[in-house]
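Residue numbering restarts at 1 for every chain, and letters A, B, ... go by the order of the sequence lines.
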Amino acid sequence: MSDVRVTVQRGQQAEERVVRAGTTAAELFDGERSVIAARVGGRQRDLAHPLAAGDVVEPITVDSPDGRAIVRHSCAHVVAQAVQDLFPKAKLGIGPPIQDGFYYDFDVERPFTPEDLKAVEKRAQEIIKSGQRFSRRVVTDDEARAELADEPYKIELIGLKSSAGDDAEASVEVGAGELTIYDNLDPKSGELCWKDLCRGPHVPTTRHIPAFAVQRSAAAYWRGSERNPQLQRIYGTAWESREALKEYQHRLAEAEKRDHRRLGAELDLFSFPTEIGPGLAVFHPKGGAIRTVMEDYSRRRHIEAGYEFVNTPHITKSDLYEISGHLDWFADGMYPPMQLDGGADYYLKPMNCPMHILIFRSRGRSYRELPLRLFEFGTVYRYEKSGVVHGLTRVRGLTQDDAHLFCAREQLPEELDSVLKFVLGLLRDYGLEDFYLELSTRPEGKAIGSDEEWAEATELLREAASKQDLELVMDEGGGAFYGPKISVQAKDAIGRTWQLSTIQVDFQLPQRFDMTYQAADGTRQRPFMIHRALFGTIERFFAILLEHYAGALPPWLAPVQVVGIPITDEHVPYLADVAAKLRERGIRVEVDSSDDRMQKKIRTAQKQKVPFMLLAGDEDVSKGAVSFRFRDGTQRNGVPVDEAVAEILDVVERRVQV
RNA sequence: GCCGGCGUGGCGCAAUUGGUAGCGCACUCGACUUGUAAUCGAGCGGUUAGGGGUUCGAGUCCCCUCGCCGGCUCCA
């Protein structure tokens with residue numbers, strides 16, 4: 001056998017190695033237990049892959065993003081094998097790795113019960129322990145069809161591969177080019193235990209799945225279309241170690257504690273009375289206090305940035321949405337109309353833009369007025385499908401902090417740049433720091449306007465986005481029907497991303513509504529329109545902030561900023577005086593004069609996540625002082641009242657977290 | 001909209017094989033007056049989401065409706 005020369009690449013370091021021809025990646029990384037696959041010439045391969053002369057080989061370790069995905073993909077196979085062991089009639093769908101885990105879809109006679117899932121997890125554990133080998137085998141389409149005659153969904157995927165090439169939804173199973181089947185072989189006898197159509201790669205044996213858990217089951221449409229049959233999907237997770245799995249489960253528990261629906265009830269912020277209807281929230285006094293601060297600060301900043309405030313009604317005749325085109329696209333998502341005034345259809349308003357356009361159109365407009373920036377906290381109603389309403393993040397009645405900017409063509413680049421800067425600046429003031437931008441382009445098949453208009457609008461947005469010194473991600477086909485959009489994606493305190501602000505360039509509605517202004521040369525010109533929501537919706541942004549801060553809002557946003565806690569009843573009047581001083585300066589302060597003991601009052605305020613507790617007993621009273629207790633449990637005693645007031649005011653005015 | 005799960009006082013939970021609803025927190029009243037996360041006692045509060053059925057008897061079993069939860073689809 002001849003020798004071949006290969007390059008082992010580790011990060012920036014490359015190492016030349018001479019090995020026997022036919023040497024596998026596994027042999028190359030012999031003894032490196034964390035290596036579970038390799039990238040050969042840029043393509044992910046099994047460790048059993050034989051190397052060829054000139055190959056550049058990179059190890060893929062189990063704790064890398066690619067490595068985890070491979071472990072999860074392999075674990076999905078094990079779960080599928082377990083399911084078919086326990087439910088021989090189950091037909092396989094697809095089973096890809098996803099963020100933090102994997103799923104596998106099955107066509108089964110009845111949905112899985114919690115007990116079924118326990119049994120599946122147990123069986124999967126046995127399979128993992130048995131150390132079955134993942135063995136790759138290239139097959140022709142016809143061979144695959146013959147072998148998988150009992151797996152109708154797999155057959156369909158093979159058909160997709162030959163017709164559509166690299167179909168995204170089928171890619172994990174069949175990939176592009178050659179078709180492969182992975183056999184799971186018994187380590188001792190070599191006997192075939194299970195097999196699945198799959199592109200791979202996989203870990204060498206099931207023992208290379210260090211830690212996993214079956215999480216839940218849910219229905220999912222085959223190939224993501226509601227016209228297709230529903231399959232039963234099992235979600236699971238897998239990690240490089242038991243510790244990593246534990247940490248992940250801990251993260252899930254933390255996220256659950258931050259759930260805004262839970263915090264909303266615990267902190268008495270809002271509720272969804274069933275008497276009102278799904279997706280229709282009421283804000284309680286404390287939630288109302290937060291909203292008011294959010295809105296007031298936003299208003300102030302909008303005034304500073306040259307916006308003008310408008311107000312528009314909540315219902316309208318259908319004409320508006322016929323002209324705008326919303327009725328063509330979104331009639332299903334609107335509340336059905338009421339017939340009034342002898343036959344006119346009145347709709348609850350699902351969008352503010354047409355109304356703002358009518359304000360623009362209410363009189364002749366001059367170029368001197370542009371850019372005209374109209375802003376409104378506009379409440380709209382959308383008939384979201386019953387299965388999708390979710391806390392405050394997906395509701396049926398919502399308030400957009402909606403602005404429409406009307407400007408001349410040559411003002412667009414400057415206006416887009418400044419609105420992006422404005423948006424990002426304001427989001428930072430609310431405590432979000434980590435952003436990236438997403439550019440959504442024309443949605444195929446459901447868009448109005450010419451290719452040229454779309455291209456121009458998209459390019460304008462791209463230029464504005466590229467000036468912001470932020471990562472820009474493309475979202476092909478994700479735009480609205482009337483124009484492309486930039487969305488601002490923000491990461492929260494536990495690393496989840498939320499789509500917040502959207503900025504859209506719209507060439508269409510100004511045409512549809514025949515908007516004009518008079519230019520300097522006396523001609524009539526068509527204005528350009530930018531749609532912009534900053535929070536997106538107040539309700540949703542409220543929820544995001546609540547989860548970001550885990551309910552412990554920074555003092556400027558906290559519904560109750562200060563609670564006075566007397567050591568005994570005698571000290572209530574003294575604290576009432578302190579509270580009055582704070583209240584005069586606009587601080588939201590309460591004195592707990594209940595007949596609870598002082599310790600209990602501290603506990604109560606702590607659980608309500610109040611930023612400042614001010615305690616006062618004889619010692620403080622005699623010195624004209626108060627004692628601070630902060631949310632983290634630390635305290636500062638004997639602070640002169642004026643100093644305490646000044647400190648609280650300072651923190652609130654600077655909008656910092658404590 | 002689709003699939004599955006769930007629905008017990010304001011909140012969190014309990015109630016052996018169907019036998020007639022209980023606890024903690026909160027709330028009200030009383031006592032206590034205390035220096036940094038729960039004082040003690042008493043009391044109020046439920047047609048077990050709503051409706052129908054099976055049964056001598058239903059919170060427990062069956063059906064329908066409503067709502068919530070987890071997903072899918074959707075998201076102007």
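- Look at CD on A:Q215: it is 21 Å from P on B:G4, rounded to the nearest Å.
- For the pair A:R396 and A:Y383, the cation-pi criterion (under 6.0 Å, within 45° of the ring axis) is fulfilled.
- At whole-Å resolution of the value, CD in A:Q230 and C1' in B:G1 are 10 Å apart.
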Please test A:T316 against A:M355 for side chain to side chain contact (heavy atoms under 4.5 Å, CB included), starting from the C-alpha separation and ending with a verdict.
CA-CA 9 Å; A:T316 168; A:M355 301 227 182; 3.7 Å; yes
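- When each of B:A37, B:C72, B:C69 is scored by its nearest atom to the side-chain atoms of A:R603, the top-ranked nucleotide is B:A37.
- Taking atom CG of residue A:D259 and atom P of nucleotide B:C69, one finds them 9 Å apart after rounding to whole Å.
- The base of B:C72 is not paired with the side chain of A:R233 by any donor and acceptor separated by under 3.5 Å.
- For the C1' atom pair drawn from B:G53 and B:G46, the interatomic distance equals 24 Å after rounding to whole Å.
- Among B:U36, B:A76, B:C74, the nucleotide with an atom closest to any side-chain atom of A:M351 is B:A76.
- Within the model, atoms NE2 of A:H326 and OH of A:Y482 stand 5.0 Å from one another, a figure rounded to the nearest 0.5 Å.
- Residue A:R394 places no side-chain N or O under 4.0 Å from the OP1 or OP2 atom of B:C69.
- Atom CG of A:L575 is separated from atom P of B:U33 by 20 Å (rounded to the nearest Å).
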